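What follows is one structure encoded as structure tokens, with my remarks underneath.
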Number of protein chains: 2
Amino acid sequence: MPEKAADQFHFADQVVRRTRAFGHPLCAGLDPFLDRIPRLFHSGSMRPNDPMTAAAVQRFLIAFLDRAAGKVVAVKPQIAMFERLGWPGMQALSEVVDHAHRLDLPVLLDAKRGDIGSTAENYAAAYLDADSPIAVDAITLNAYLGRDTLAPFLMRAKAEGKALFVLLKTSNPGSADVQNLAVDGRPLFLHLADKLNQLDADLSGPQTGWSNLGVVVGATHLDDAIAARAALPNALFLIPGYGAQGGSSDDAVVTFVNRGHGPEGGLINSSRGLLFPDAGGQAANAAAWEAAIDAALEQASDDLGQALARKR
Amino acid sequence: MPEKAADQFHFADQVVRRTRAFGHPLCAGLDPFLDRIPRLFHSGSMRPNDPMTAAAVQRFLIAFLDRAAGKVVAVKPQIAMFERLGWPGMQALSEVVDHAHRLDLPVLLDAKRGDIGSTAENYAAAYLDADSPIAVDAITLNAYLGRDTLAPFLMRAKAEGKALFVLLKTSNPGSADVQNLAVDGRPLFLHLADKLNQLDADLSGPQTGWSNLGVVVGATHLDDAIAARAALPNALFLIPGYGAQGGSSDDAVVTFVNRGHGPEGGLINSSRGLLFPDAGGQAANAAAWEAAIDAALEQASDDLGQALARKR
């Protein structure tokens, strides 16, 4: 078997290296709520089905990415917000992803896709190939349909170093409805974790050991998060729920482990807290808005960095 | 509480009325596999990232819809196939949906979306509102994240008569991985069915009694399908797996029940069998292709109609 080239792209390696370099695991969620975008960026009516709205969203997010470059370990566009704008929204998403790549920002698409056979193949080809119309580095997936439905995504993970984040235990109030049903005395999501473990053949990064077969584990159910880490020791965790959704920084890093480089092993996402700080909405001009975004990025990075330091 | 207007749109009522009128429950899946589209419709390179390809897909599907109008109870575009083409694909999907509506064909979008809070709200607003950029009549959903994530879709079902088809038991080989895990001695999908039942307040159609809270149940696991029907007596079933996926017409109607108008209660989907009959791929001109499509539609309708007759 040929050795992997040392410089081949590997998402988990890249974000963990960035976590070590930056001193925090902050991921910026790109969730462009129309009613919060500052007037500075408006064009047209700002109604969802006005094509000018997608142009405003694109301008706003590109300005944000210019502030976030070199300061966050990754960015996570939420595709629902772009689908809401129809095809002009998908065009804007494509431009936003390209701009993030120009700034060396890894892009994790939050799409929560899941389907069977040839349909799964089409989703994978839509987002994870070099010539995909929207070509990202990682994607979130839903495995309710079974392990076979992950196959086309795993193929891209193995061949191209792309990462998959499978929904395991989410941060919403109703997440227990299915995820915590008791199967042989253990919650369902831990059985899913075991099944994912059986797939985790050779997706570990050559540089850090963290795997491109990641999972989504909310920061709002701590015992469940700790149990998920025990079940998946090498999986990179995508952790929503920090900030606006109510989780503290100490809660957010509860699954991080120290293997000699400080606590690591996850991406902690903040969306509204970074995109829409109060001072940003009130900014009278571009310079004031930029200062508000810079302050929000610094505050969240410091908060998470301090939580990592307390965990050492 | 005001009575519902008798002429208000109700998806389940509409498709069941059409089933009674047509004598079969055939739904045409719109899965435009690029390598099967007849040369007749080609434009550009027919590669996925050539914008001319989306135009060819649109032309092909609109020609198909013109043949299917008045002959199938609904159409089901598979959104993954359009996402694969980037934003031009989404634009084509929007045109295809509009054309179906001009032909009075109900449109069920196969999107299998599922997400929390404001993200779920954006998916619902993207597809189920009157002013959505791609405005359909029904959508498939994934409920792994819990019942609360269905709320924005249920709201549209109640207010606008739209239908939801929640993934229950799918037709793929790996579907048992999660869906059949044993919870208190019963497979998980039946527990999910019970939870859905608790939501099924007033989504039943005033004309037929069939509910707009539907489920997806494959035609390949018959015992599971029968158990799902027992758990959800009024749910409209979306049944994939007939035809190309291997299920027979008798298997496909196994969950249908006779309440005085002949067996009913489901939509049976065929995609490749209708869109890509062998004779269609070889057609030398438009008239020959139209004849091939007409024959495929007639063959599937007759096959399902006869299965219903055997079940009376």
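Only a predicted model underlies this, so the values are computations on that prediction, with no experimental measurement involved. Naming: A, B, ... by sequence-line order, numbering from 1 per chain.
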Under 4.5 Å heavy-atom distance to chain B, tell me which part of [X] shows up: side chain, backbone, both or neither.
{"X": "A182(A)", "value": "backbone"}
{"X": "F82(A)", "value": "neither"}
{"X": "Q91(A)", "value": "both"}
{"X": "P173(A)", "value": "both"}
{"X": "A92(A)", "value": "neither"}
{"X": "L85(A)", "value": "backbone"}
{"X": "A120(A)", "value": "neither"}

- Out of K112(A), R113(A), M81(A), which one racks up the most heavy-atom pairs below 4.5 Å with chain B?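 Most pairs with chain B among the choices: R113(A).
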- Message: Can you tell me which of T170(A), L93(A), L181(A), N142(A) forms the most heavy-atom pairs within a distance under 4.5 Å of chain B?
- Response: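 If we count pairs closer than 4.5 Å to chain B, N142(A) comes out on top.
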- Inspect the surroundings of CG in D35(B) and state if more than 12 heavy atoms from other residues, nucleotides or ligands are less than 6.0 Å away.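 Correct, the count exceeds 12.
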Would you check if [X] and [Y] make a side-chain contact, meaning some heavy-atom pair closer than 4.5 Å?
{"X": "Q179(B)", "Y": "L145(A)", "value": "yes"}
{"X": "S118(B)", "Y": "F33(A)", "value": "yes"}
{"X": "L188(B)", "Y": "Y144(A)", "value": "yes"}

To the nearest 0.5 angstrom, please state how far the [atom1] atom of [X] sits from the [atom2] atom of [Y].
{"X": "N122(A)", "Y": "I79(B)", "atom1": "CG", "atom2": "CD1", "value": "12.0 Å"}
{"X": "D148(A)", "Y": "D177(B)", "atom1": "CG", "atom2": "CG", "value": "7.0 Å"}
{"X": "Q78(A)", "Y": "Y123(B)", "atom1": "CD", "atom2": "OH", "value": "5.0 Å"}
{"X": "N49(B)", "Y": "I134(A)", "atom1": "CG", "atom2": "CD1", "value": "12.0 Å"}

Please look at [X] and chain A and tell me whether the side chain, the backbone, both or neither of the residue comes under 4.5 angstrom of a heavy atom of that chain.
{"X": "T119(B)", "result": "both"}
{"X": "A124(B)", "result": "neither"}
{"X": "A111(B)", "result": "backbone"}

- In plain terms, say whether E121(A) and R84(B) are close enough for a salt bridge, that is, a side-chain N and a carboxylate O under 4.0 Å apart.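 Salt bridge between E121(A) and R84(B), a charged N being under 4.0 Å from a carboxylate O: no.
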- Of all the heavy-atom pairs spanning D131(A) and R47(B), show the shortest one and how long it is.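 For D131(A) and R47(B), the tightest heavy-atom pair comes out as OD2-NH2, 3.7 Å.
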- chain A contacts, top residue of K169(B), M90(B), R147(B), E83(B) (heavy-atom pairs, under 4.5 Å):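 Maximum pair count with chain A is reached by E83(B).
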- Query: Between D115(B), D129(B), V183(B), D184(B), which residue shows the highest count of heavy-atom pairs closer than 4.5 Å to chain A?
  - Reply: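 Most heavy-atom pairs under 4.5 Å with chain A: D115(B).
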